[in-house]
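In what follows, a structure is listed as structure tokens, so that the remarks can point back to it.
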Amino acid sequence: MSVRVGVVTFPGSLDDRDAARAVRIAGGEAVALWHGDDDLKQVDAVILPGGFSYGDYLRCGAIARFAPVMHSLIERANTGMPLLGICNGFQILCESHLLPGALTRNDSLHFMCRDQRLRIENTSSAWTSDFISGQEIVIPLKNGEGGYVADDRTLDALEAEGRVVARYLDVNPNGSRRDIAGITNERGNVVGLMPHPEHAVESLTGPTTDGIGFFTSVLKSFVSL
Amino acid sequence: MSIDTVAVAEVSPEHSQPFAELGLKPDEYQQIRDILQRRPTSSELAMYSVMWSEHCSYKSSKVHLRQFGEKAPKTDALLVGIGENAGVVDIGAGWAVTFKVESHNHPSYVEPYQGAATGIGGIVRDIMSMGARPLAVMDPLRFGPADAPDTGRVLPGIVAGIGGYGNCLGLPNIGGEIVFDASYSGNPLVNALCVGAMKHEDIHLASAKGVGNLVVLYGARTGGDGIGGVSVLASETFADGGPTKRPSVQVGDPFMEKLLIEATLEVLQAGLVEGIQDLGGAGISCATSELASNGEGGMHVWLDRVLLRDETLSPEEILMSESQERMCAIVRPERLAEFMERCAKWDVEAVVIGEVNASGRLTVDWHGDRIVDVPPRTVAHDGPVYERPFHRPTWMDALQADTPDHLERPTTGPELRETLLVMVAAPNLASKSWVTSQYDRYVQGNTVLSQPEDAGMIRIDEATGLGVAIATDCNGRFTKLDPYAGAQLALAEAYRNVAASGATPLAVTNCLNFGSPEDPEVMWQFAEATRGLADGCLQLGTPVTGGNVSFYNQTGATAILPTPVVGVLGVIGDVATRTSMAWTDAGDHIYLLGDTNDEFGGSEWANHVHGHLGGLPPRVDLDRERALGEVLVTGSQSGFLVAAHDVSDGGVAQALVEMSLRAGTGATVTVPTTLDPFVFMFAESAGRAVVVVRPLDTGQLIDLCEQNGVPLAQIGVVLTASNLDFADLFTVSLDDLRREHERTLPELFG
Amino acid sequence: MARVVVDVMLKPEILDPQGRAVEGSLRRLGLTGVNDVRQGKQFVIDLDGVVEGARLELLETLAAELLSNPVIEDYKLQVIEDSV
Amino acid sequence: MARVVVDVMLKPEILDPQGRAVEGSLRRLGLTGVNDVRQGKQFVIDLDGVVEGARLELLETLAAELLSNPVIEDYKLQVIEDSV
Ligand SMILES: Nc1ncnc2c1ncn2[C@@H]1O[C@H](COP(=O)(O)OP(=O)(O)O)[C@@H](O)[C@H]1O
Ligand SMILES: [Mg+2]
């Protein structure tokens with residue numbers, strides 16, 4: 001039986017169909033979840049996709065945090081269900097306090113779309129186990145508010161506990177503290193990532209196919225159980 | 001507050017009306033009185049004035065635009081032609097594609113961010129109104145001099161607006177243009193293109209059919225946006241003081257538009273919609289009169305049911321409001337509940353504002369009073385038509401006689417190297433990635449090619465790989481030197497760009513940006529360009545499916561360069577076969593297809609190095625373009641073209657620089673013995689492309705070119721090294737080229 | 001030492017999608033009786049010396065033309081001398 | 001009728017690229033003695049009735065958790081009763 005990965009659609013979600021496609025390409029079953037419905041349809045893992053939920057009008061992810069689906073998600077995440085937030089999804093995870101810190105306006109003050117080199121630094125999270133530690137990958141990055149900030153104590157703790165999942169290489173595109181591109185919670189099941197692995201799963205449409213590892217990681221974690 | 005009703009109008013024929021303030025000529029006002037057999041009410045006057053404006057009625061351009069239909073090449077591919085919100089083209093396998101380009105020039109000058117943002121919003125709704133899912137956008141832009149202070153104000157705002165709106169909608173930006181020229185100072189051009197796709201059975205039209213069907217207005221609430229002019233009327237109906245202040249600028253809400261897209265696609269998919277129309281210029285006036293005029297009967301509207309953002313709006317203002325993010329649907333009564341449910345699911349407000357009837361009239365009531373009673377065709381379609389006088393400008397002879405032949409040319413290797421470095425940094429040739437990196441090109445996961453490739457390409461059908469490619473082009477300097485040839489050169493370039501990507505050119509859209517039609521010399525440019533484009537489309541077998549005209553682009557008495565932006569759409573059976581402009585393997589052979597002549601009239605070299613514009617543009621030969629296209633497409637499908645790039649602005653040198661920077665590896669280049677090195681590098685002769693093949697495949701390329709009568713010459717070999725070697729002349733490193741090519745825009749706009 | 005606070009707000013007749021979004025969430029989270037929400041910007045500028053004469057005039061101009069977009073926004077400038 | 005104004009500002013220790021960009025332009029346009037510029041948000045909420053008791057408490061919570069992000073921002077809430 002294939003692993004069921006839910007992809008939540010909020011009003012204003014944009015990369016939801018892309019995330020579902022990535023799940024399928026990786027060999028999983030993508031299940032559409034609706035923001036207004038707290039039923040998680042027996043999924044094994046969930047992705048909060050990129051986009052501009054609620055127009056990102058107040059603060060990115062601030063309004064989405066209060067959606068009915070988030071109640072069930074927070075509950076399940078706290079009991080270990082794998083949850084990946086990409087871009088806007090990362091912002092929602094921070095706003096929901098599932099992950100520490102916050103994402104702020106890019107220091108360039110511009111929206112930035114580029115093919116970004118990253119180093120995978122944590123290969124024990126539910127979403128990165130299929131990478132080799134230190135592996136360098138290139139996947140698209142596209143955001144206007146992707147600067148990761150947290151106080152120094154939090155940053156130190158993240159680094160000490162190996163919870164920085166990926167770091168920017170070459171250029172820091174948005175002013176993220178300590179070049180952080182993605183982080184995980186203590187348990188390793190919740191991951192937030194600013195760049196977009198779901199746009200690097202087919203050689204035809206992505207700069208590489210390096211992004212597929214995030215999706216195969218979570219699928220394999222169930223097979224190996 | 002008194003309301004001007006039909007009953008009042010009937011008994012007060014002498015009441016004087018501010019038609020001139022609303023832009024109507026005395027004879028046009030008289031024409032309205034003749035149609036109605038009485039004076040119009042102020043609401044009717046509002047409707048006619050806006051629907052008969054140049055922008056909505058095409059009254060100055062209509063007689064010329066007819067050629068696009070009359071000269072249209074016969075093709076079965078055209079499912080919906082000119083006249084609808086957007087044309088629809090059959091691309092096979094049951095799929096249809098709709099695309100269109102529109103201008104939002106003036107609003108973008110006044111308020112760059114919002115003007116450009118709402119330009120994207122408007123064209124996206126046009127595409128939706130055909131029943132299609134919008135798939136991608138493009139943005140052909142024109143600005144004043146790159147270093148002018150006003151360009152520094154306007155450009156960043158426009159780019160941020162296009163990105164801000166398009167990114168938030170989830171539409172990848174797959175291409176566009178950025179051109180600087182002094183003629184656009186104070187009058188930038190913001191053209192926006194959208195492409196969408198649907199299955200054949202999902203094509204919808206803007207027509208109100210079926211007596212008893214309901215007219216539903218949904219989306220954003222109606223506010224006082226964009227009704228500056230009509231406030232004249234509103235103030236008439238207020239006892240004193242006039243209405244409260246009306247915004248002069250429309251503000252876009254891309255989030256609402258995103259919801260509108262999803263809600264619209266759902267109601268269309270569920271079969272809940274009989275006819276559909278977007279609300280753009282002229283708002284409810286336009287939507288209701290066009291729907292009714294295209295339908296078979298009449299329509300009645302209860303205007304007081306319209307949901308308002310501002311309760312002080314008068315009926316005239318509601319009729320004319322250009323509030324964004326609204327759509328109008330014709331729905332059968334028994335499907336209304338379901339329609340409303342789907343809208344509610346997406347938090348989109350909807351309200352029934354009218355009903356289709358058999359009266360043959362468009363009637364509008366305001367709290368029980370009849371304020372409009374008109375034959376809808378007279379508003380929407382039978383507006384005035386002008387045969388504006390035009391004549392060839394007296395200055396054309398002198399302009400064409402002032403050829404670039406006397407301009408000083410570089411001759412030695414070091415001089416040519418220096419010129420190359422200057423040219424790749426020219427604002428018109430420099431890397432545009434400062435702009436394009438502000439646009440999301442990945443969203444939807446179907447973008448196969450985007451900037452800096454020749455054409456944008458998207459996959460439509462994941463199962464088969466069916467896709468389309470689009471390019472837009474126009475060299476306004478060429479069009480100034482010869483509008484007929486210039487329009488054909490624009491067409492040829494877009495056609496060539498699409499072919500270079502491996503797609504077969506199929507159809508054309510256009511946005512004709514010109515100065516004032518009341519100036520006979522501008523009108524001549526327009527007439528010539530239109531004729532050139534129509535003739536060209538016939539010759540290339542690519543019909544015009546739609547487009548847009550933007551007049552009055554001028555500052556004072558000086559018109560912009562005539563700028564007929566041409567968009568060509570091509571189809572590709574499997575996007576996996578597309579050709580990129582990046583070469584890959586060292587040792588591969590580089591060929592130049594087509595003939596190079598000493599042609600510098602209107603060239604970027606004459607413009608950038610000498611500030612010169614004169615002479616004749618490059619000769620255009622559309623049969624040769626077609627033959628070149630055949631080679632590019634067949635070579636791509638046969639799989640032996642490793643890379644291809646069209647040659648246009650900046651000539652062969654620019655093309656080679658772009659290819660090597662894209663690939664990250666250099667080449668050694670040999671100037672054909674028949675050519676002067678300078679002419680070889682910088683001439684802008686049409687009908688050319690640079691292609692790359694593996695050494696083993698050169699025979700195939702030569703055969704294919706022979707079959708099609710396309711001349712070719714080997715001009716180089718791909719290297720592993722990172723420099724571009726012009727044999728016996730000079731060598732330049734890719735690092736130097738990249739630095740010069742990429743620094744211009746960031747230095748100007750930060 | 002002085003502090004200048006400039007509040008910038010969309011003109012009342014201009015659509016404020018952000019304000020509307022906030023209004024919606026305030027309602028959903030149980031706030032009753034909300035009539036209108038508008039979202040604006042606030043600039044807090046800390047300056048040496050006193051703010052008067054030509055300097056104040058310059059600040060007014062900057063508030064009107066740089067900090068706010070006169071086409072769609074209004075601004076309000078307040079000087080708090082001896083702040084900090 | 002009451003008006004509630006909520007000012008939201010990045011915490012002083014958080015880098016404020018917008019404020020910095022504004023500071024740069026103010027300087028370039030001739031303003032002297034600028035020490036610091038910060039850019040924040042302002043929400044103006046018009047409400048029916050009076051704002052007190054549980055309603056005020058709810059507003060405080062919303063300001064602290066919805067209108068601002070406590071991780072990076074501070075807020076200030078002001079009630080102006082009888083504002084019109
Ligand atoms: N305003 C824009 N928006 C999106 N893409 C753009 C824009 N301007 C230029 N581009 C892209 O940059 C690339 C180079 O532009 P240009 O040199 O004008 O191409 P071409 O020579 O083919 O006309 C093309 O892929 C073009 O689509
Ligand atoms: Mg090109």
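Chain A is the first sequence line, chain B the second, and so forth, proteins listed ahead of strands; every chain is numbered from 1. All values below come from the heavy atoms of this structure, side chains included, with hydrogens, waters and symmetry mates left out.
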Chain A against chain B: donor-acceptor pairs under 3.5 Å:
{"unit_1": "B:D253", "atom_1": "OD1", "unit_2": "A:Y57", "atom_2": "OH", "d": "2.5"}
{"unit_1": "B:S437", "atom_1": "O", "unit_2": "A:C113", "atom_2": "N", "d": "2.6"}
{"unit_1": "B:Q438", "atom_1": "OE1", "unit_2": "A:H110", "atom_2": "ND1", "d": "3.4"}
{"unit_1": "B:D440", "atom_1": "OD2", "unit_2": "A:K142", "atom_2": "NZ", "d": "2.7"}
{"unit_1": "B:Y442", "atom_1": "O", "unit_2": "A:H199", "atom_2": "NE2", "d": "3.4"}
{"unit_1": "B:Y442", "atom_1": "OH", "unit_2": "A:D115", "atom_2": "OD1", "d": "2.3"}
{"unit_1": "B:Y442", "atom_1": "OH", "unit_2": "A:D115", "atom_2": "OD2", "d": "3.4"}
{"unit_1": "B:Q444", "atom_1": "N", "unit_2": "A:D18", "atom_2": "OD2", "d": "2.9"}
{"unit_1": "B:Q444", "atom_1": "O", "unit_2": "A:R21", "atom_2": "NH1", "d": "3.4"}
{"unit_1": "B:Q444", "atom_1": "O", "unit_2": "A:R21", "atom_2": "NH2", "d": "3.1"}
{"unit_1": "B:G445", "atom_1": "N", "unit_2": "A:D18", "atom_2": "OD2", "d": "2.7"}
{"unit_1": "B:R459", "atom_1": "NH1", "unit_2": "A:E202", "atom_2": "OE2", "d": "2.9"}
{"unit_1": "B:R459", "atom_1": "NH2", "unit_2": "A:E202", "atom_2": "OE1", "d": "2.9"}
{"unit_1": "B:E462", "atom_1": "OE1", "unit_2": "A:R21", "atom_2": "NE", "d": "3.2"}
{"unit_1": "B:E462", "atom_1": "OE1", "unit_2": "A:R21", "atom_2": "NH2", "d": "3.3"}
{"unit_1": "B:E462", "atom_1": "OE2", "unit_2": "A:R21", "atom_2": "NE", "d": "3.1"}

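- Using a 4.5 Å cut-off between heavy atoms, B:L169 contacts chain A through its backbone alone, with no side-chain atom that close.
- Counting heavy-atom pairs closer than 4.5 Å to chain B, the top residue among A:G55, A:P207, A:C113, A:A200 is A:C113.
- Judged as a ring-ring contact (aromatic ring centres under 6.0 Å, His included), and not counting sequence neighbours, the contacts of B:Y218 are B:F339.
- The side chain to side chain contact (heavy atoms under 4.5 Å, CB included) search around B:C194 returns B:I123, B:V124, B:I127, B:P134, B:V137, not counting sequence neighbours.
- Options B:V448, B:V443, B:L171, B:I261 differ in how many heavy-atom pairs under 4.5 Å they form with chain A, and the most are formed by B:V443.
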